[in-house]
2 protein chains.
Amino acid sequence: MRYSHQREEILKIVQSTRCHPTADWVYDEVRKVIPNVSLGTVYRNLNQLVNTNNINALNDGPVIRYDGFMEMHDHFKCKKCDTIYDIDHHSMNIIYELNQNTNHTISNYSLNLEGICCDCVETTNN
Amino acid sequence: MRYSHQREEILKIVQSTRCHPTADWVYDEVRKVIPNVSLGTVYRNLNQLVNTNNINALNDGPVIRYDGFMEMHDHFKCKKCDTIYDIDHHSMNIIYELNQNTNHTISNYSLNLEGICCDCVETTNN
DNA sequence: GTATATGCAAACAATTTGCACGCCT
DNA sequence: AGGCGTGCAAATTGTTTGCATATAC
């Protein structure tokens with residue numbers, strides 16, 4: 001994989017946030033630095049960065065979100081404000097425990113939690 | 001919600017399988033019984049059945065899969081054959097434990113596991 | 001110099017929606 | 001009779017891809 005200015009900026013942007021951005025959000029950010037970048041380039045580079053294990057992809061309904069934080073962790077999505085929070089969890093324990101209980105060989109997982117977040121709980125009745 | 005023959009057949013079909021079908025698969029099955037059914041109708045009814053808690057939706061990359069088995073359970077997807085298996089798990093324990101460890105109110109979750117399934121493990125070196 | 005990366009726009013795939021007509025109640 | 005459900009086709013959304021040009025090495 002050859003160096004490219006676009007890819008460098010895209011990686012830097014994804015690594016600099018914990019907001020689990022979409023390709024569109026990344027596109028808007030990259031354009032602040034490289035105004036004529038194209039959305040196709042953003043998608044191509046995000047896919048490459050996922051394949052080379054520099055970032056992670058997680059799906060959120062029909063859209064793909066990207067995550068530059070590479071320690072194993074889970075996610076919690078607030079049903080009210082749609083924010084996705086990181087949740088620290090005993091990843092290896094889950095995989096170990098599940099490998100004990102099934103015939104399959106589990107190599108990775110994603111745990112997606114939903115509910116009402118701590119910021120929304122005060123004001124909601126849902 | 002008024003009765004419709006289409007919706008009844010769609011529900012029956014989703015409830016009769018454990019293969020986590022896509023809308024397209026359901027569409028093909030419904031056509032065997034109601035040949036002139038439309039794909040739009042299948043999608044509309046699947047969405048209604050999800051909203052009325054008769055079936056569940058789970059996302060598998062860009063596609064939505066449907067599940068007529070309503071007990072809380074998790075899923076394991078084989079990286080080789082793409083089969084999605086049901087995994088029984090201590091759902092309430094996870095939610096309880098996680099509610100203890102976070103400030104959020106977790107109401108539901110989906111745990112998606114990946115790896116090599118028991119049928120593929122013999123023949124794979126991946 | 002050569003191959004990979006880019007910008008652009010068109011293609012794609014899954015899902016949703018608008019509309020006129022049909023069928024449940 | 002009235003309104004929800006349908007079939008059909010077009011629209012929408014998120015993502016991918018083909019192609020000619022630009023750039024890294």
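Chain letters run A, B, ... following the sequence lines, proteins first, then strands; residues in each count from 1.
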- Within-4.5 Å side-chain heavy-atom neighbours: B:D67 and B:H73: yes
- Item | Smallest separation among heavy atoms of B:H20 and B:Y85, with atom names | CE1-C, 4.4 Å
- Task: Give B:Y43 one of three labels, base, sugar-phosphate or nothing, depending on what nucleic acid heavy atoms sit under 4.0 Å from its own.
- Result: base
- Task: Counting heavy atoms from C-beta on, name the nucleotide in D:dG7, C:dG7, C:dT25 closest to the side chain of A:N36.
- Result: C:dG7
- Message: Nearest heavy atom decides the nucleotide; on that basis, is B:S4 or B:P62 closer to the 5' end of DNA chain C?
- Response: B:P62
- Can you tell me if A:D74 and B:Y109 form a side-chain donor-acceptor pair at under 3.5 Å? no
- Item | Contact under 4.0 Å: B:Q6 side-chain N or O vs D:dG7 OP1/OP2 | yes
- Item | Heavy atoms from other residues, nucleotides or ligands near CG of A:N103 exceed 12 (cutoff 6.0 Å) | no
- Within less than 4.0 Å of OP1 or OP2 of C:dT6, is there a side-chain N or O belonging to A:N45? yes
- Query: Could a donor-acceptor pair under 3.5 angstrom be found where the side chain of A:R44 meets the base of C:dA5?
  - Reply: no
- Message: Using whole Å, what does the distance between atom P of nucleotide C:dT6 and atom CG of A:L46 come to?
- Response: 11 Å
- Query: In degrees rounded to 10°, what angle is found between the helical axes fit to the five outermost pairs at each end of the helix from C:dG1-D:dC25 to C:dT25-D:dA1?
  - Reply: 30°
- Under 4.0 Å between any heavy atoms, over every strand shown, what does B:N47 touch: base, sugar-phosphate, or nothing? Just pick one. sugar-phosphate
- Message: Do A:R31 and A:Y27 form a cation-pi contact, if we require the NZ or CZ to be under 6.0 Å from the six-membered ring centre and within 45 degrees of the ring's axis?
- Response: yes
- Output yes when at least one side-chain N/O atom of A:S38 is less than 4.0 Å from OP1 or OP2 of C:dG7, else no. yes
- Query: Nearest nucleotide by nearest heavy atom, which residue falls closer to the 5' end of DNA chain C, B:H5 or B:Y66?
  - Reply: B:Y66
- If you look at every strand shown and take non-hydrogen atoms under 4.0 Å, does B:R7 touch a base, only sugar-phosphate, or nothing? sugar-phosphate
- Query: So which of A:D86, A:I87, A:D60 actually passes side chain to side chain contact (heavy atoms under 4.5 Å, CB included) with A:H75?
  - Reply: A:D86
- Side-chain contact check for A:A23: nearest option of D:dT15, C:dC23, C:dT4 is D:dT15
